[in-house]
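Notes follow once the structure below has been shown.
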Amino acid sequence: MPKKTVADIDVTGKKVLMRVDFNVPLDGTTITDDRRIAQALPTIKSVIDRGGRLILMSHLGRPKAGPEAKFSLAPCAAHLSTLLGKKVTFTSDCIGNEVDQAVTMMKEGDVVLMENLRFHKEEEKNDSVFAKKLASIADVYVNDAFGTAHREHASTFGAPQAMQGKPRVIGFLIEKELKFLGEAVSTPARPFVAIMGGAKVSDKIQVIEQLLAKADTLLIGGAMAYTFFLAQGKQVGKSLVERDKVALAKTLLEKYGSKIKLPIDTVISDKMSDDAVTSIVEGNIPDDKEGFDIGPKTSAIYAELIQSAKTVIWNGPMGVFEKKPFQAGTKAVALACAAATATGATTIIGGGDSAAAVEVFGLADQVSHVSTGGGASLEFLENGHFSTIDLLDN
Ligand code: 3PG
Ligand code: MG
């Protein structure tokens with residue numbers, strides 16, 4: 001059933017509690033990638049332009065034991081203020097007197113951002129007392145934190161539960177993410193090509209199985225390819241592998257063999273560094289070497305398959321793209337996605353490393369959709385829904 005969005009409700013004069021995912025990468029107090037903040041702006045503006053009193057909450061990082069300066073959301077408050085061109089009041093906690101006072105003082109169109117929810121261990125435990133405290137300050141609940149939609153935490157689960165009877169809706173970012181990811185798997189234009197990379201098969205096994213059932217072709221890259229090499233009886237040298245997943249890889253090859261494409265050549269070296277000396281091998285990887293990227297022949301084959309697709313979903317880099325000698329494979333895939341988009345394909349880049357890659361290569365604007373959720377997009381492709389969103393208004 002379609003979800004109500006913030007556009008469907010009256011927010012004028014209301015206290016609107018909005019969960020966002022401002023878990024952005026920081027270098028000290030400098031935000032190095034503000035996509036998650038920028039992508040929440042349409043929902044934020046929709047509330048304040050209509051005279052809502054907007055109270056934003058988020059987590060940042062994974063603080064262990066209470067408040068830690070390096071996980072403060074203060075830099076996000078400053079950046080949001082710049083993006084909006086208006087004052088954003090920052091509170092040093094997400095519950096308590098300071099919050100209550102700040103909320104009481106708010107006028108229509110004002111914005112408050114509260115400090116990191118995870119400074120309270122109750123957030124991740126979905127503690128009901130903590131959730132009720134968060135819920136108690138507002139008339140309306142909005143969730144636009146796609147990147148955190150797979151977490152049943154107090155701010156994403158307990159708080160909206162506690163607000164039953166009040167409007168509880170999704171924002172435009174979640175709406176957009178669900179549209180792209182949902183349509184890609186339920187009604188894909190074909191050919192539908194899925195691309196999986198990254199280090200481990202184990203992280204993505206459920207998604208791989210789901211996608212194999214739905215996609216026409218699955219391209220595999222990254223270190224996870226070497227576990228499949230072992231399943232094919234190939235030598236992998238010192239490459240990263242998961243020996244306990246070889247049997248599984250074998251089963252997948254037997255069941256879906258014709259759909260699965262594996263690298264035919266590999267960029268190898270004896271070290272993973274910016275000055276590494278590389279060579280290319282077809283087939284077996286020598287004993288003293290490690291695979292760090294797909295080779296040029298594989299890149300060409302993958303690029304051609306991507307460019308003839310009508311739907312593409314990509315999750316995980318083809319190699320260690322952060323290091324110059326090993327970025328060609330990931331770049332070739334990113335360029336092919338951009339080329340496919342230009343000729344009318346829908347191309348969806350999962351969050352996390354593949355999103356970072358298209359950003360690094362300057363191609364983020366040339367694909368259909370770059371997800372703001374890494375783990376969340378994988379979980380959505382796997383399960384097709386989120387409990388945190390199911391409980392919001394239809
Ligand atoms: C993410 O970056 O994956 C989300 O913000 C969720 O964070 P988490 O993985 O620490 O729960
Ligand atoms: Mg995560």
Side-chain angles (χ1 to χ4, degrees), residues 18-27 31-41 43-44 56-68 70-77 79-80 94 113-127 130-131 134 142-160 170-171 173-174 176-178 181 197-200 202-204 206-207 314-317 322 348-360 364 369-383 385-389:
M18 187 190 296
R19 179 50 157 109
V20 285
D21 187 340
F22 285 178
N23 182 23
V24 291
L26 288 168
D27 180 3
I31 297 166
T32 54
D33 177 357
D34 77 342
R35 247 168 21 91
R36 283 178 163 176
I37 300 175
Q39 298 264 325
L41 288 177
T43 312
I44 289 171
L56 297 168
M57 57 178 172
S58 179
H59 75 289
L60 192 147
R62 293 176 175 173
K64 284 276 163 299
E68 276 178 78
K70 67 173 176 183
F71 293 122
S72 175
L73 279 163
C76 295
H79 189 64
L80 178 62
C94 59
L113 172 64
M114 308 193 289
E115 184 57 290
N116 196 340
L117 291 155
R118 290 189 186 170
F119 286 172
H120 294 267
K121 61 183 184 321
E122 292 85 353
E123 161 66 357
E124 286 175 81
K125 290 187 176 141
N126 188 24
D127 178 85
F130 178 72
L134 293 173
V142 181
N143 189 348
D144 213 18
F146 179 76
T148 322
H150 59 317
R151 305 281 185 226
E152 279 186 12
H153 292 171
S155 62
T156 57
F157 204 76
I170 58 169
L173 175 57
I174 286 194
K176 179 173 152 213
E177 294 265 13
L178 295 182
L181 291 164
K200 292 183 182 167
S202 52
D203 286 346
K204 293 179 183 163
Q206 271 95 353
V207 182
W314 176 21
N315 200 299
E322 299 88 344
I348 300 165
I349 316 300
D353 289 339
S354 10
V358 290
E359 198 71 47
V360 166
H369 181 65
V370 182
S371 178
T372 54
S377 63
L378 282 174
E379 276 207 34
F380 186 75
L381 292 174
E382 194 178 313
N383 302 324
H385 74 107
F386 293 116
S387 58
T388 55
I389 293 174

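Since the structure is predicted, the reported quantities are computational estimates derived from the model, not experimental observations. Numbering of residues begins at 1 and proceeds along the displayed sequence. For ligands, and for the atoms within them, numbers begin at 1 and follow the listed sequence.
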Can you tell if the side chain of Ile348 reaches within under 4.5 Å of the side chain of Val370, non-hydrogen atoms only? no
In the structure I gave you, are the side-chain heavy atoms of Met57 and Ser155 within less than 4.5 Å of one another anywhere? yes
Any atoms of ligand 1 less than 4.0 Å from a non-hydrogen atom of [X]? List them with their elements.
X      : value
Asp21  : 4 (C), 5 (O)
Arg151 : 8 (P), 9 (O), 11 (O)
Arg118 : 7 (O), 8 (P), 10 (O), 11 (O)
His59  : 4 (C), 5 (O), 6 (C), 7 (O)
Arg36  : 1 (C), 2 (O), 4 (C), 5 (O)

Any idea which of His153, Arg62, Glu124 brings a heavy atom closest to atom 9 (O) of ligand 1?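 Selected option, by shortest heavy-atom distance: Arg62.
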What's the separation between atom CG in Leu178 and atom CD1 in Ile389, rounded to the nearest 0.5 Å? 5.0 Å
Gap between atom NZ of Lys64 and atom CZ of Arg118 - 0.5 Å precision: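 Taking CZ in Arg118 and NZ in Lys64, the distance rounds to 9.0 Å.
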Between ligand 1 and Gly374, can you find any atom pair, the residue atom being a heavy atom, that is separated by under 4.0 Å?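 It does not, in that no heavy atom of Gly374 comes within the 4.0 Å cut-off of ligand 1.
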Phe22: what forms a ring-ring contact (aromatic ring centres under 6.0 Å, His included) with it, not counting sequence neighbours?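 Expected list: none.
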Residue pair Pro160 / Ala154: nearest heavy atoms and the distance that separates them: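 Of all heavy-atom pairs spanning Pro160 and Ala154, the closest is CD-O, 4.2 Å.
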With nothing but distance in play, are any N or O atoms of Asn23 less than 3.5 Å from an N or O of ligand 1? yes
